[in-house]
Amino acid sequence: MTWDEIADLHRRGHVVTPHTASHALARTMLTPEDIEREVVEPKRRMDRATGGSALCTAWLEGTSWTGDSAADRALVEAGYRFVFSNTMVQRLPG
């Protein structure tokens, strides 16, 4: 999809939300650069395209949020409220 198509979906009331930029696994995001590229920038781009605030995301392989990793903590800091895993939707703290 193009960014214009995504913006149109949002305007028509659909929920659109990003995921990691390159389908990276949560456990592979070890540096601040990894986190910026895979967690923060996708949300920033989605928010810019829709004019809204993307509240949800998902990790490749449906990794659950534990709050133990820097990547998990980055989801909260970026402003996400929910993360989809293979077995549940988790409400993030904050």
Side-chain angles (χ1 to χ4, degrees):
M1 297 185 79
T2 67
W3 288 111
D4 287 339
E5 290 169 330
I6 290 169
D8 183 56
L9 281 175
H10 178 77
R11 279 191 298 274
R12 291 190 285 143
H14 292 274
V15 174
V16 290
T17 190
H19 55 73
T20 57
S22 67
H23 296 108
L25 297 168
R27 68 178 175 269
T28 66
M29 286 186 245
L30 304 175
T31 68
E33 294 80 16
D34 293 337
I35 291 169
E36 175 68 26
R37 180 186 64 250
E38 300 295 333
V39 175
V40 177
E41 185 59 22
K43 183 177 188 327
R44 189 178 297 131
R45 292 182 74 185
M46 184 65 69
D47 291 352
R48 186 171 47 241
T50 64
S53 179
L55 299 180
C56 308
T57 192
W59 291 122
L60 180 65
E61 294 185 355
T63 304
S64 296
W65 187 89
T66 63
D68 294 333
S69 72
D72 274 353
R73 290 186 298 275
L75 295 178
V76 175
E77 292 169 10
Y80 291 110
R81 298 286 309 180
F82 303 92
V83 63
F84 287 82
S85 73
N86 282 344
T87 60
M88 68 188 98
V89 177
Q90 293 175 271
R91 181 183 302 267
L92 302 176

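Residue numbers start at 1 and run along the sequence shown.
Contact record, Ala26 with Thr63: CB-CG2, 4.2 Å, taken as the closest heavy-atom pair. Shortest non-hydrogen contact noted between Val40 and Ala78 is CG2-CB, 4.4 Å. Of all the heavy atoms in Val39 and Ala71, the pair that sits closest is CG2-O, 4.5 Å. Counting all heavy atoms, side chain and backbone alike, Ala7 lies closest to Ala49 at CB-O, 3.2 Å.
Screening residues 15-26 for side-chain hydrogen bond (donor to acceptor under 3.5 Å, both in side chains) gives Ser22-Glu38 as the qualifying pairs, with residues at least two apart or on separate chains. Applying the ring pair (Phe, Tyr, Trp, His ring centres under 6.0 Å) test to pairs two or more places apart or on separate chains, none has a residue in residues 66-94. Applying the salt bridge (Lys or Arg N to Asp or Glu O under 4.0 Å) test to every pair with at least one member in residues 49-61, sequence neighbours left out, gives these pairs: Arg27-Glu61. Residue pairs meeting the salt bridge (Lys or Arg N to Asp or Glu O under 4.0 Å) criterion with at least one partner in residues 67-79, sequence neighbours excluded, do not occur; the list is empty. For residues 1-21, the pairs satisfying salt bridge (Lys or Arg N to Asp or Glu O under 4.0 Å) are Asp8-Arg11, Asp8-Arg12, with sequence neighbours left out. Among pairs with a residue in residues 84-94, none fulfils salt bridge (Lys or Arg N to Asp or Glu O under 4.0 Å), at least two apart in sequence or across chains.
As a member of the Ile/Leu/Val/Met/Phe/Trp/Tyr network built from side-chain separations under 4.5 Å, Trp3 groups with Met1, Ile6, Leu9, Val16, Met46. Side-chain heavy-atom separations under 4.5 angstrom define the hydrophobic clusters, and the remaining members of the one that includes Leu60 are Leu25.
Every residue two or more places apart in sequence or in another chain that forms a side-chain hydrogen bond (donor to acceptor under 3.5 Å, both in side chains) with Arg37 is listed here: Asp34. Ser53 meets the side-chain hydrogen bond (donor to acceptor under 3.5 Å, both in side chains) test with Lys43; sequence neighbours excluded. With sequence neighbours left out, the side chain to side chain contact (heavy atoms under 4.5 Å, CB included) criterion links Gln90 to Ser64, Trp65, Val83, Ser85, Met88.
In this structure, the separation between SG on Cys56 and CG on Leu75 is 11.5 Å, given to the nearest 0.5 Å. Here the CD1 atom belonging to Ile35 is positioned 8.0 Å from the CG atom belonging to Leu30, to the nearest 0.5 angstrom.
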